[in-house]
Amino acid sequence: MFQDRKQIILSFFFLVCTIYALRLFYLQVIDDTYHTIGSTGALKKEVQIPLRGQIYDRNGKLLVANVDVYDMYVTPYKVKQMDTTTFCRLFNITRSYFDSTMTIAKSYSRNRATLFLRQLSKEDYARVADAMVSFPGFTFELSFFRTYPARTMANALGYIGEISKKAYEAQEVEYYRSGDYIGITGLEKQYEMDLRGRRGVKFTMMNVHGENKGSYSNGEYDTLAVIGKNLYTTVDVEVQQLADSLFQGKTGCAVAIEPRTGEILAMGSYPYYDPNMLSGKQFSKYFKELYRNPDKPLNDRVATGFFRPGSTFKLVQSLVGLQLGSITPETFFVCGNAPVKCHGHPSGDLHNAVRFSCNPYFYQVFKKTMSATSETNPFKAAPIMLSKWHDMVEKFGYGQKLGIDLPSESSGLLPNVKYYDKRYGSNQWKFSNIYSLSIGEGEISVNMLKMANLAATIANRGYWVTPHLVRGVGQNGKGVLPEHRQVHRTDIDPRHFEAIIGGMQDAVERGTVGGGAGIVEGIEICGKTGTSQNKKGKDNSIFIAFAPRYNPKIAIAVMVQNAGFGGSVAAPIATLMIEKYLKRKIERTAIKERMLNLSIRTVEAMAAGGAAKPIPVLTPESTSKPTPAAPVAPTKSKKEAEKPVKTTFIKPKEENLNKTK
C-alpha cells in the first residue's frame, strides 16, 4: 500500500513540473511578447482622459462646453539629471515652484505619475513637445477645461475641481488619480458619473532612449476613452439671462417652474457671477474674492436658503382651512380684533382677503383651524390640531426636501408638536404662542424653490411634480428620468383652489401689486405678494405667481432682499419673466428699464462698509482659451476692469404704504 501511494504522489509532482516546463517553453521560445519588451526597454502606459459631457438648455443652446488642453505629469523615479534652469525657462515657471512640486510628487509616490503643470494650450504644447526628449519622466495627457458660453446659472450648474485627498482615499473602486477633476457642486456633482465618461489606456513600446517603438501587441490591450454623456436641461436660457439682468445691483433669487411637468425654466441666485471665473487656473483667486463678498454669491439661495414665506403662506392656510371646514369662501371676518396689523383695506370674504393680503383675516382662519376639535382645554387642543395641520401642510412640500436633482437642497422647517414641546414643555403652549404662523412668520422657514413649488401646486389645482433641472441624459437626451415623473398630491379638493385663485388674479390686477406693475396684456396672471420680516434692515420683497390662469405654463417665485413690499420690486421682476417666457419678448419696456436701473444695498453690504465690491466681469476673449501655463497670476487686462455698481434705496410712495403688502 505504501509503494502504491508513493507512485501516485510522485506522478502528481512530475505532472506539475511538466506543466510549468511547457509554460516556460511557450513564453520564452514561442511567444515573442517578452522578447519584444526586453529588446525595446519598457512599456509606457498613457491614460486618455475623455471629454466631459456638455450641458444644453431646453432649446439646444449650449450652457457648458469643453476646451482641449494638455496637463503635464511627472513620475519622480524616471526623472534623471537635468538642466532645471532651461526647463523652468521653457515653461515659464519659477525654481521654487519646480522644487516644491517635485517634493509633493515624491511624497505622493516615486513610481506613479503626479500632476506637475495644468492646462497648457495646444500652442504651448506644440512649442515644448520636441524639447521634452531631454527631460525624461515628464509626460503629457490631453485634457480639457470647462467653458460657459451662456455665462449664467453658476450655482445650479456648479463647477469642477481637483479631487480632494479625502475623496481620493474614500474611493471604493479606484478611478480618480491625484489631480484629476471631479464635480464639486451643482449639476457637475449630481451627474458626475454620467458626465465624466470612461477613460482609456494606451500601451506604447519604448526603447532605452525613450523613443516610441510602436503600439504594444498591436493595441490588443488598449482601451478607447468614451466621452461623457451630455445633459439636456429644462432651462430656458433667454428667461434665465433676463433674470440675471433684472437682478443687477440686487440680492435675492428667482425660480420658475413648468407646473405640469415640474421642469425648472429658470433658477438664479443673486448676486450671480460668471461661472467661467471658477474654471481654469484663476480658480483660487476668484474663489477667494467670491467667498469674501458680503452678499455671498457662492450661496445658492434658491435650493439652500432659509427664509420666512411671509404672506405667501396665507394661501396654504386658506386651503387647509377650506378642506377642514373651518371656513368657506363666503366666510367674513372684520379687520381688527387681532394682534396682527391690518393695512387699511375694506373687510371682506376669502376672495378679498387674498386680494388685499389681510393679516387679521388669516389670523382668524388659523385660529378657527386650531380650535376645530371637541377638546375645550386650549393647551390640549393646540397639539391635537397642530398635528393635523402639520400633516396637511407637509403635503405641499414644506419641512422636507422636494427631490430636485441638486446635491445640497435644504429641508427648511415646518414646526410640529415635538418642536413646541421641546421649546415650551408638554401641554405648556397654545394658539397664542404660535399665531404668527398664520401669516407665514414665526418658526417656519422655506427656500425659494418651495415657494415656486407652491405656485405650481396651486396652478395644478392640488398636485406637484418633483422639480428637476435635467430632462434627459445621453446622446439623444430624450425621455424624462423616472425619478422626475413622481406626482405628489396634497389631498385638498380641487374646488377649493378656485376660491383663492380669483383673489390671486385680483391681487395682481387691482390689489397688492400696485401701479399696474403686474398686468401683462393678453395674459391672466395670478399672484400673491409677501413681505418676509428681517431682524435688521428692510423686509424681503417676495412674489409668487402662475400664468395663464387656465392651462398654466409657468409658475414663479421671486425674492429680493431688503427691498420692502412684495409688490414694489419682486412682482415686476416676476411678471417680466412671465412675459418673456410666454410672449418671447418684453413689451413693457418702461417697467423693465426701471428694474434694470434699480439697485438695493443689503444689510450685509452696508455692514461691510458700503456696497459690496463688484464681481469682476470676464470678457469673451478671457474665457475662450486657457490662461498662460505659468502658475503665477497673470496681469489683469484693461478689458477686465471692474465697473462700479450704482446703489440706491427704495422709498415707496406714502399713498401706497397701506395697500402694498
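No hydrogens or angles considered: a donor-acceptor pair under 3.5 Å links the side chains of D124 and S121. Using modelled atom types and a 3.5 Å distance limit, the side chains of Y168 and D180 yield no donor-acceptor pair.
Relative to the six-membered ring of F135, K80 misses at least one condition, a distance below 6.0 Å or an angle of at most 45° to the axis. Cation-pi contact between R118 and Y181: present, with separation from the ring centre below 6.0 Å and deviation from the ring axis of at most 45°. Remark: R196 is positioned above the aromatic ring of Y175, its terminal NZ or CZ atom under 6.0 angstrom from the ring centre and at most 45 degrees off the axis.
Judged by distance alone, with hydrogens and angles left aside, the side-chain atoms of D222 form a donor-acceptor pair with the main-chain N or O of F203 at under 3.5 Å. In this structure a side-chain-to-backbone donor-acceptor pair under 3.5 Å is missing from N447 to G305. The closest donor-acceptor contact from the side chain of S269 to the backbone of V302 lies at 3.5 Å or more, if one exists at all. Here the side chain of E394 pairs no donor or acceptor atom with the backbone of G399 at under 3.5 angstrom. With E409 contributing its side chain and G403 its backbone, the two residues share a donor-acceptor pair below 3.5 Å.
Note that CD of E188 and CD1 of I182 are 11.0 Å apart. Values are rounded to the nearest 0.5 Å. Note that SG of C253 is 8.5 Å distant from CG of D300, once rounded to the nearest 0.5 Å. Rounded to the nearest 0.5 angstrom, L469 CG and H484 NE2 are separated by 8.5 Å. Here the straight-line distance linking atom CD of E169 with atom OH of Y176 works out to 16.0 Å at 0.5 Å rounding. Annotation: the span from T147 atom OG1 to L63 atom CG amounts to 11.5 Å, rounded to 0.5 Å. F144 CZ to D68 CG: the interatomic distance, rounded to the nearest 0.5 Å, is 9.5 Å.
Nearest approach of R52 to N66, heavy atoms of both residues: O-ND2, 2.6 Å. Residue L157 comes nearest to I55 through the heavy atom pair CD2-CG2, 4.2 Å, listed as atom of the first residue, atom of the second, then distance. Contact between Y148 and G158 at its shortest, heavy atoms only, is OH-O, 3.6 Å. Contact record, I404 with T466: N-CG2, 4.5 Å, taken as the closest heavy-atom pair.
Electrostatic pairing of R177 and E141 counts as a salt bridge here, judged by a charged N lying under 4.0 Å from a carboxylate O.
Checked options K61, R58, Q241, R584; the residue passing with D236 is R584 (criterion: side chain to side chain donor-acceptor pair (under 3.5 Å)).
No side-chain heavy atom of V235 sits under 4.5 Å from any side-chain heavy atom of M267. With a 4.5 Å cut-off on side-chain heavy atoms, E258 and T234 do not count as touching. For the pair F91/R127, no side-chain contact is recorded, criterion being any heavy-atom separation below 4.5 Å from C-beta on. Using a 4.5 Å cut-off on side-chain heavy atoms (C-beta onward), I184 and K189 make no contact.
Aromatic ring centres of F98 and F116 lie closer together than 6.0 Å. Aromatic ring centroids of Y273 and Y286 lie 6.0 Å or more apart.
Between F287 and Y159, the ring-plane angle classifies as perpendicular under the 30° and 60° cut-offs. Between F87 and F138, the ring planes are tilted. Angles from 30° to 60° get that label.
Sparse packing is recorded around CD1 of I227, with 12 or fewer heavy atoms of other residues, nucleotides or ligands lying under 6.0 Å away. Heavy atoms of other residues, nucleotides or ligands lying less than 6.0 angstrom from CZ of R292 number 12 at most.
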